[in-house]
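As a basis for the values below, the full set of heavy atoms in this structure was taken, side chains included, without hydrogen atoms, waters or symmetry mates. Each chain gets a letter, A, B and so on, in the order its sequence line appears, and its residues count up from 1.
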Amino acid sequence: MADYTSLEQIRLQKIADLRAAGVEPYPTRAERTHTSAQAVAALDAVAKDSQVTEQISATLAGRIRATRPMGKLTFAHIEDGAGKIQLFLRVNELGPEKMEFFSKFFDIGDFIQASGTLMRTKTGEATLLVREYKMLAKAVSPLPAAKDETLEDGSVVRHAALEDPELRARRRYADLAVNPHIRENFRKRAAITKAIRAFLDANDFLEVETPILQPLYGGAAARPFTTHHNELNQDMYLRISFELYLKRLLVGNLERVYEIGRDFRNEGVSFKHNPEFTQLEFYAAYFDYQKVMELTEAMIGYVCDTVFGTREFAFDKDENTHYELDFSAPWQRIEMRQGILATSGIDIAEHPTAESLFQAIVTRHPDKKPDPHITRGKLIDFLLGEFLEPTLIQPTFLYDYPRDISPLAKPKPGDPLTVERFEGYVAGFELCNAFTELNDPLDQEQRFLDMQSDYRDDEEEKNPLDEDYLRAMRYGMPPNGGFGMGMERLTMLLTNNRTIREVMLFPALRKED
RNA sequence: GGGCGUGUAGCUCAAUGGCAGAGCAGCGGCCUUUUAAGCCGUUUGUUGAGGGUUCGAGCCCCUCCACGCUCACCA
């Protein structure tokens with residue numbers, strides 16, 4: 001049983017007293033004729049200069065966010081899904097009993113239904129002059145009630161707003177209830193997802209759903225979550241990517257497919273990582289990575305235009321780092337080799353082996369400590385992260401990646417160490433990852449085998465060999481380009497949120513106690 | 001997993017090793033156009049948990065827990 005605070009015990013007593021007085025604190029039915037915004041609009045539609053307008057009757061419903069009792073009258077603000085509106089309760093309309101009942105039993109956080117006529121106060125604020133009211137749902141726990149102070153210049157200062165990041169994440173319901181800008185983040189996130197769908201649908205992509213529970217995992221270098229199916233008596237994995245299933249569909253003559261859904265990666269948590277996140281992947285037959293770059297520019301541009309009406313976005317990386325991002329096409333394109341050469345002084349083309357590249361790194365940058373046992377591709381990735389990545393602020397396609405860290409990408413013609421792959425970088429972190437997909441079943445099989453030997457057995461991101469995927473590819477897979485992007489990362493960039501937590505409703509946290 | 005930091009009332013925050021406080025919220029009273037309404041009065045605490053040092057610990061030490069920043073990890 002819950003431990004109730006003294007504040008909660010008072011409210012529990014109010015619930016008991018309400019029931020004793022024959023008033024149900026959680027009635028089953030509710031009514032409303034106007035949202036707060038509709039009520040304001042209805043009032044705006046009539047003459048604005050009359051003190052008491054022609055009578056517009058309205059029934060509103062919402063949550064009490066503030067009360068200002070002054071003797072025989074009380075002002076209150078209620079909030080509904082459309083915004084806030086003021087209530088005006090006065091003994092003249094309600095009579096002394098209902099006035100007293102309101103002040104005795106209604107608290108901030110309660111849901112109320114109020115009927116009356118719309119009016120303007122002497123300051124001009126649209127207000128419901130209440131003639132009847134009804135408790136819709138009594139709140140037991142007090143909302144962390146912030147107070148908004150409107151200064152003379154019109155700016156709003158919040159006092160005692162719920163800010164503790166842990167409390168806000170654990171009790172997202174309370175966070176959402178009292179912090180309207182948090183609700184707005186998630187409205188924007190939904191609009192972004194919707195725009196992505198609209199764009200891909202309009203470009204003849206078919207939205208599909210592939211297994212989340214998989215007998216094998218693959219398509220990314222990540223450790224999976226493992227679970228078990230009792231009846232089948234076999235271990236299952238939560239997917240770490242959609243890639244291998246979506247590309248099976250290209251074998252089946254579905255030329256353009258996409259999926260938006262959850263991926264699960266059993267790895268660390270950071271400002272840009274959560275164990276489960278929403279991924280977009282699409283695959284298009286007869287595309288190569290150049291065409292995917294162009295489609296990416298168009299897709300992100302479409303999202304910017306339709307959701308935000310601009311392609312320029314402010315992004316505060318941290319308190320002292322402020323970026324103005326421009327998503328206009330074309331994005332900057334940087335070849336991996338040139339980018340690493342420019343930022344680290346090392347030409348990876350001159351070092352075709354891991355040993356040679358390792359020596360070059362420790363010679364030129366003695367302060368850096370790459371793991372001496374990793375592959376050439378991972379050393380290149382090390383250089384990327386250390387030197388190049390932090391410089392990629394404006395939207396940039398970094399292209400042509402090492403083969404050994406890209407087992408599903410197609411080789412660059414004439415360059416056996418390099419594959420046709422790009423990643424989109426914005427504000428110094430990875431937004432998306434794409435390549436010309438490998439469709440040669442014999443090469444693919446060799447890549448799987450190479451990975452078995454390149455990775456130590458205890459490296460948990462070592463992917464198992466997916467025999468059925470190879471079998472699918474042997475039936476013939478059209479040349480195609482594929483793309484993956486974390487939807488939270490895109491949302492972070494477009495809504496100026498520097499942590500993934502702010503764009504996920506329920507980010508992963510350790511359990512309490 | 002490592003390093004640094006934070007944890008005090010429902011919320012936001014104070015408190016040289018010396019009586020645990022403020023504003024808001026709450027409760028009682030006054031107040032018929034307020035909007036952080038105002039005025040008077042007043043309550044609220046396992047100071048994250050446990051142990052230690054000390055005459056005395058919110059404060060110093062140790063262990064643990066949660067969160068934050070950061071590093072590692074994350075093709």
Side-chain angles (χ1 to χ4, degrees), chain A residues 3-11 13 51 65-77 84 86-93 99 104 107-109 119-125 127 129 139-151 156-171 174 178 219-223 240-241 265-275 318-319 369 371 374-375 377-378 380-382 384-385 401-409 419 421 423 430 433 435 451 454-455 459-463 498-499 501 509-513:
Chain A
D3 289 329
Y4 290 106
T5 66
S6 58
L7 296 182
E8 289 167 335
Q9 286 169 12
I10 290 167
R11 295 197 181 193
Q13 187 59 51
Q51 177 74 16
R65 290 297 310 279
T67 59
R68 291 179 293 280
M70 349 186 7
K72 293 184 174 56
L73 61 82
T74 290
F75 288 97
H77 270 99
K84 283 188 192 175
Q86 183 167 255
L87 302 185
F88 185 16
L89 299 99
R90 198 167 56 169
V91 71
N92 309 41
E93 285 76 28
M99 265 322 282
K104 185 169 183 184
D107 291 297
I108 292 171
M119 56 165 283
R120 286 187 193 281
T121 62
K122 73 178 186 186
T123 60
E125 180 169 355
T127 299
L129 181 60
V140 174
S141 302
L143 277 185
K147 286 202 168 187
D148 294 336
E149 179 181 13
T150 306
L151 301 178
V156 175
V157 179
R158 306 209 80 201
H159 298 273
L162 180 66
E163 285 176 343
D164 181 79
E166 180 178 359
L167 260 185
R168 287 186 45 231
R170 287 196 191 279
R171 303 186 194 174
V178 301
R223 289 149 63 184
I240 59 173
S241 83
R265 298 186 180 179
N266 203 342
E267 287 164 355
V269 177
S270 78
F271 75 94
K272 56 182 175 174
H273 295 90
N274 193 72
D318 57 52
E319 285 176 10
K369 300 277 188 292
D371 182 340
I374 58 180
T375 63
K378 286 196 167 190
I380 292 171
D381 196 50
F382 175 85
L384 165 63
Y401 275 63
R403 178 180 185 275
D404 73 77
I405 58 171
S406 312
L408 301 164
V419 293
R421 171 182 175 186
E423 291 187 332
E430 179 192 341
N433 180 23
F435 26 92
M451 189 161 54
D454 285 349
Y455 285 61
E459 282 185 278
E460 294 188 54
E461 73 269 26
K462 173 178 175 174
N463 277 205
R498 77 176 86 142
T499 75
R501 222 175 30 237
L509 292 169
R510 281 195 175 81
K511 68 178 178 184
E512 295 180 87
D513 303 330

Only counting residues at least two apart or in another chain, list the ones meeting side chain to side chain donor-acceptor pair (under 3.5 Å) with A:D148.
A:R158
For A:R170, check side chain to side chain donor-acceptor pair (under 3.5 Å) against everything at least two apart and list the hits.
A:E166
Below 4.0 angstrom from OP1 or OP2 of [N], is there any side-chain N or O of [X]?
X	N	answer
A:K122	B:rU34	yes
A:R68	B:rA37	yes
A:R510	B:rA66	yes
A:R11	B:rG26	no
A:R223	B:rC73	no
A:R158	B:rA36	no

Does the base of [N] carry an N or O that pairs as donor and acceptor with the side chain of [X] under 3.5 Å?
X	N	result
A:Q86	B:rU34	yes
A:T121	B:rU34	yes
A:N92	B:rU32	yes
A:E149	B:rU35	no

When the [atom1] atoms of [N] and [M] are considered, how many whole Å apart are they?
N	M	atom1	value
B:rC27	B:rU43	P	16 Å
B:rG58	B:rU8	P	15 Å
B:rU63	B:rG5	P	14 Å

Both distances under 3.5 Å, Watson-Crick or G-U wobble: report the partner of B:rC60, or none.
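WC or wobble partner is B:rG52.
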Assign [X] to base, sugar-phosphate, or nothing according to its heavy-atom contacts below 4.0 angstrom with the strands shown.
X	value
A:S406	nothing
A:T150	sugar-phosphate
A:A146	nothing

Where is the tightest heavy-atom contact between A:T375 and A:D404, given as atom of each residue plus distance?
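Minimum heavy-atom separation between A:T375 and A:D404: OG1-OD1, 2.7 Å.
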Using atom types as modelled and distance alone, determine if a side-chain donor or acceptor of A:T123 lies under 3.5 Å from a backbone N or O of A:T121.
no
Examine distances only and state if a side-chain atom of A:Q13 and a backbone atom of A:I10 form a donor-acceptor pair shorter than 3.5 Å.
no
What is the distance from [atom1] of [X] to [atom2] of [N], rounded to the nearest Å?
X	N	atom1	atom2	answer
A:R90	B:rU34	CZ	C1'	13 Å
A:D107	B:rG26	CG	C1'	9 Å
A:R265	B:rC74	CZ	C1'	8 Å
A:F75	B:rC31	CZ	P	17 Å

Which of the following nucleotides, [options], is nearest to the side chain of [X]?
X	options	value
A:T123	B:rA75, B:rU33, B:rU35	B:rU35
A:M119	B:rU33, B:rA66, B:rG68	B:rU33
A:E163	B:rC69, B:rG26, B:rU12	B:rU12
A:P407	B:rA25, B:rA75, B:rU33	B:rA75

Do the side chains of A:F271 and A:R498 get nearer than 4.5 Å, heavy atoms only?
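A side-chain contact is absent here, since even the closest heavy-atom pair is not under 4.5 Å.
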What protein N or O atoms touch nucleotides 20-24 of chain B N or O atoms at under 3.5 angstrom, if any, and at what distances?
{"residue": "B:rC24", "atom": "O3'", "partner": "A:K147", "partner atom": "NZ", "Å": "3.1"}

Residues which pass salt bridge (charged side-chain N to carboxylate O under 4.0 Å, His left out) with A:E423, listed by chain and number, not counting sequence neighbours
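Only A:R421 meet the salt bridge (charged side-chain N to carboxylate O under 4.0 Å, His left out) criterion with A:E423.
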Who passes salt bridge (charged side-chain N to carboxylate O under 4.0 Å, His left out) against A:E93, sequence neighbours left out?
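Only A:R90 meet the salt bridge (charged side-chain N to carboxylate O under 4.0 Å, His left out) criterion with A:E93.
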Residues which pass ring-ring contact (aromatic ring centres under 6.0 Å, His included) with A:F382, listed by chain and number, not counting sequence neighbours:
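For A:F382, no residue satisfies ring-ring contact (aromatic ring centres under 6.0 Å, His included) once neighbours in sequence are set aside.
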Return whichever of A:D381 or A:A161 has its heavy-atom-nearest nucleotide of RNA chain B closer to the 5' end.
A:A161
